[in-house]
Amino acid sequence: MKKLITTLTNIWKIEDLRKRIINTLLFLLIYRIGCHVVLPGVNPDALATGQKEGLLGLLDMFAGGSFSRSAIFALGVMPYISASIVVQLLGIAVPAFQKMQKEGESGRKKMTQITRYLTLAITLVQAIAYVKTQIEPGAKTIADPMFTILAAIVLTAGTLFVMWLGEKITDKGIGNGISLIIMAGIIAQLPGGAVAEWASRMSPSGGGIIPILIEAIALFFIVIFTILIVQGVRKIPVQYAKKIVGNKQVGGVRQYIPLKVNAAGVMPIIFAQAIMFLPMSLAQFFPNLQSDFLTSLTNFTSVAYNVTFAVLIIAFTFFYTAIMVNPQQMSEDMKKNGGFVPGIKPGYDTNLFIDNVISRITFPGAVFLAIIAIMPAIASAAGVNNQFAHFYGGTSLLILVGVVLDTLQQIESHLLMRHYDGLMKTGRVKGRSTASVEGYDQSAI
């Protein structure tokens, strides 16, 4: 306890860090207020209540519940994330984008500008789709088409404002702004889920305090397990040749390429959830196609759903890792800078060696990611309330753990820079982004 108080005191003493933390909290407060401001022309009392399921439930969680309450921030930052993914994939497949990536700061600014324009286009399309499909006609107090135009403009402006908030948090606050906004939306759902679980367990047939203690212990170990997956790396040693520059000798030191066990981040789960939403859509639009198997794929607690979900996650993990991590580029960069893996010839042999290492560590990482993804279904099958079961794994837990680690790492960096003790007595906090070798960054989305 004394260590905690001393650390908090040290954090408050650093003026720059104190301002950044206060700025971050104020920006997040603005975001949370906007999540409760209903769209103009919508009667909130006439909106359908109830928890969203499937992909819509994921969107509602990312948007902090504003998706279901038709708030001005209903679309959240998902259009921006979609645009970022598209631009990132274009940077791998399109030569013009590859050239921009290699231009340094100027190229990064160009790609950021393209991402913003693409965000605007995606938001307009999603805003119109949201107004047409998610707002009941009885909740509209303004007649169409005026309501659709007005709501689409407000939703687009809301998403662009949230994107601006995220950039401001990154510049003026602490941590990654977009990630913190997503985390704030997820955490906003936690009190309601915890209260619902407490009420369920305290009912005459709920079992009392013992099941709650068991659930808390299980959640604690799941979080630890998730941290191990997020931070797990396989270090490949890299030796650099000695060079004489003027009167100084440079190089001759050993560094490491940290290959992450989970290089794909949460993207495989998001892709797999999008695919698993298709059976539900087919069941709605084509009732004649319904079968026992198709029906089971719409129930997230069924065996068929979870087995299919896990297989898709494993497949998408390999796919996304192959896209994001380029062994050939890594080996070429090492060769240009006079680096080599001890015992491995530079060039093709190094490329093959790194590729084999990536393949070996990706499989257990993919399996562990699949286990984390189906944990909410296991928790729900064990009797945990559906609203609270989402925090036992899946995208929400991975994002929470990753963002908290990244933010704590930045706070600790400020402390160490000013010769204060870190956040822990031994070791250092490590975020999702590990150290890079010669500018190569292994962090994933």
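Atom set for the values below is all heavy atoms of this structure, side chains included, hydrogens, waters and symmetry mates excluded. Not measured: the values here are computed from a predicted model.
Using modelled atom types, one side-chain atom of Ser66 and one backbone atom of Phe73 make a donor-acceptor pair closer than 3.5 Å. Judged by distance alone, with hydrogens and angles left aside, the side-chain atoms of Tyr130 form a donor-acceptor pair with the main-chain N or O of Phe67 at under 3.5 Å. Side chain of Thr226 to backbone of Leu398: no donor-acceptor contact under 3.5 angstrom is found. The backbone N or O of Phe318 sits nowhere less than 3.5 Å from a side-chain atom of Thr321 that would complete a donor-acceptor pair.
Figure legend: Lys235 and Tyr256 shown as a cation-pi pair, the cationic atom lying under 6.0 angstrom from the six-membered ring centre and within 45 degrees of its axis.
Taking CG of Asp16 as the reference point, atom CD1 of Ile21 lies at 10.0 Å (rounded to 0.5 Å). The structure places CG of Leu165 at 11.5 Å from CG of Leu160, a figure rounded to the nearest 0.5 Å. Considering OG1 of Thr141 and CG of Leu39, their distance stands at 10.5 Å, rounded to 0.5 Å.
Using a 3.5 Å distance cut-off with no hydrogens or angles, the side chains of Gln329 and Asp333 do pair a donor with an acceptor.
In this structure, the ring pair (Phe, Tyr, Trp, His ring centres under 6.0 Å) partners of Phe225, at least two apart in sequence or on a different chain, are Phe368.
A distance below 6.0 Å separates the ring centres of Tyr305 and Phe309.
Looking at Glu332 and Lys335, no side-chain N of the basic residue comes within less than 4.0 Å of a carboxylate O on the acidic one, giving no salt bridge. We find that Lys19 and Glu15 are joined by a salt bridge, their nearest charged nitrogen and carboxylate oxygen being less than 4.0 Å apart.
Contact check for Met334 versus Ile257: side-chain heavy atoms found under the 4.5 Å cut-off.
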